Chemist: 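Mind looking over this structure? Questions follow.
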Amino acid sequence: QVQLVESGGGLVQAGGSLRLSCTSSGRTFSSGVMGWFRQATGKEREFVAAIGGSAGNTYYTNSVKGRFTISRDNAGSMVYLQMNSLKPEDTAIYYCAARASQRIMVVATFYDYWGQGTQVTVSS
């Protein structure tokens with residue numbers, strides 16, 4: 001059974017930083033895709049960033065480019081999201097997601113596995 005577990009969320013002031021981690025158990029995704037989505041209160045879940053394939057290609061949504069960095073370990077069992085210059089609009093529950101295919105997708109329904117989420121709150 002595959003499980004994804006996130007950690008690292010919390011409360012931070014605007015301009016601050018947080019680092020999210022996601023650990024996969026049950027299988028690894030060294031040739032698949034691991035990524036992050038977020039869902040703010042009253043809004044739909046949205047794509048944030050993903051890393052995938054054997055080359056570790058990355059893709060970000062425009063609103064986080066230059067502020068967030070996604071990375072993973074060589075085994076494909078952990079993925080990280082370094083979030084800098086945080087803004088109040090980054091406040092959301094952040095979900096780790098994974099899919100076996102190596103193609104990065106920005107639509108949530110293409111991901112096979114999900115974590116429970118971790119809350120990120122950015123105060124102004």
Side-chain angles (χ1 to χ4, degrees):
Q1 183 178 355
V2 178
Q3 282 191 316
L4 302 179
V5 179
E6 305 97 336
S7 62
L11 173 64
V12 64
Q13 289 188 331
S17 299
L18 283 174
R19 187 186 193 223
L20 305 183
S21 299
C22 173
T23 301
S24 172
S25 60
R27 71 163 291 168
T28 61
F29 298 92
S30 56
S31 59
V33 174
M34 297 187 78
W36 294 92
F37 286 73
R38 66 186 179 186
Q39 188 167 18
T41 303
K43 295 187 177 181
E44 293 188 354
R45 191 169 299 190
E46 65 171 352
F47 173 83
V48 176
I51 185 167
S54 55
N57 298 315
T58 59
Y59 189 76
Y60 300 88
T61 192
N62 285 339
S63 63
V64 308
K65 285 181 181 177
R67 301 189 298 123
F68 292 10
T69 302
I70 190 169
S71 61
R72 68 181 182 187
D73 68 334
N74 291 333
S77 62
M78 295 196 70
V79 65
Y80 308 96
L81 187 67
Q82 178 66 43
M83 305 186 294
N84 298 328
S85 302
L86 282 161
K87 304 175 181 180
E89 50 263 44
D90 294 317
T91 295
I93 298 174
Y94 283 69
Y95 296 91
C96 177
R99 63 191 304 258
S101 170
Q102 65 178 345
R103 184 175 179 182
I104 291 176
M105 305 296 284
V106 300
V107 177
T109 53
F110 285 101
Y111 287 77
D112 307 304
Y113 308 100
W114 290 87
Q116 293 299 307
T118 185
Q119 177 71 46
V120 171
T121 303
V122 184
S123 63
S124 57

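In what follows, residues are counted from 1 in the order of the sequence shown. Everything numeric in this text was worked out from a predicted model, so none of it was measured.
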Chemist: Look up atom OG in Ser63 and atom NZ in Lys87, then write down how far apart they are to the nearest 0.5 Å.
Modeler: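 If I round to the nearest 0.5 Å, the distance is 8.0 Å.
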Chemist: Extract all donor-acceptor atom pairs below 3.5 Å that involve side chains of residues 2-25 and protein atoms in other chains or at least two apart in sequence.
Modeler:
residue, atom, partner, partner atom, Å
Glu6, OE1, Gln116, N, 3.1
Glu6, OE1, Gly117, N, 2.9
Glu6, OE2, Cys96, N, 2.8
Glu6, OE2, Gly117, N, 3.1
Ser17, OG, Asn84, OD1, 2.9
Ser24, OG, Arg27, O, 2.7

Chemist: Under 3.5 Å, which donor-acceptor pairs link side chains of residues 50-59 to any protein atom two or more places apart or in another chain?
Modeler:
none

Chemist: Locate the shortest heavy-atom distance separating Gln102 from Ser31; write the atom from each residue and the value.
Modeler: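 Scanning both residues, the minimum pair turns out to be CB-O, 3.1 Å.
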Chemist: Which atom pair, heavy atoms only, marks the closest approach of Ala92 to Arg38?
Modeler: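 Heavy-atom minimum between the residues: CB-CB, 3.8 Å.
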Chemist: Anything under 3.5 Å between a donor and an acceptor, one on a side chain of residues 103-110, the other on a protein residue two or more places apart or in another chain? List them.
Modeler:
none

Chemist: Assess whether side-chain contact (heavy atoms from CB on, under 4.5 Å) is satisfied between Val120 and Met83, documenting all intermediate values.
Modeler: CA-CA 10 Å; Val120 171; Met83 305 186 294; 3.9 Å; yes
Chemist: Measure across Tyr80 and Asp73 and return the closest heavy-atom pair with its distance rounded to 0.1 Å.
Modeler: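 Closest approach of Tyr80 to Asp73, heavy atoms only: CE1-N, 4.3 Å.
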Chemist: Show your working on side-chain contact (heavy atoms from CB on, under 4.5 Å) between Thr61 and Phe68 and close with a plain yes or no.
Modeler: CA-CA 10 Å; Thr61 192; Phe68 292 10; over 6 Å; no
Chemist: Is there a donor-acceptor pair under 3.5 Å between the side chain of Thr91 and the backbone N or O of Val122?
Modeler: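 Here the side-chain-to-backbone pair exists.
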Chemist: If you draw a 6.0 Å radius around NZ in Lys65, do more than 12 non-hydrogen atoms from other residues or ligands fall strictly inside?
Modeler: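 Enclosed: over 12 neighbouring heavy atoms sit under 6.0 Å from NZ of Lys65.
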Chemist: To the nearest 0.5 Å, what is the distance between OG (Ser77) and CZ (Arg72)?
Modeler: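 Interatomic distance, Ser77 OG to Arg72 CZ, rounded to 0.5 Å: 10.5 Å.
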Chemist: Is Arg45 positioned over the aromatic face of Tyr95, cation under 6.0 angstrom from the ring centre and no more than 45 degrees off axis?
Modeler: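 Arg45 over Tyr95 ring: yes.
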Chemist: Are a donor atom and an acceptor atom from the side chains of Arg99 and Tyr111 found within less than 3.5 Å of each other?
Modeler: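 Tyr111 and Arg99 do not have a side-chain donor-acceptor pair below 3.5 Å.
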Chemist: Check whether Met34 and Tyr60 end up in the same hydrophobic cluster, where Ile, Leu, Val, Met, Phe, Trp and Tyr are linked by side-chain heavy atoms less than 4.5 Å apart.
Modeler: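 Met34 clusters together with Tyr60.
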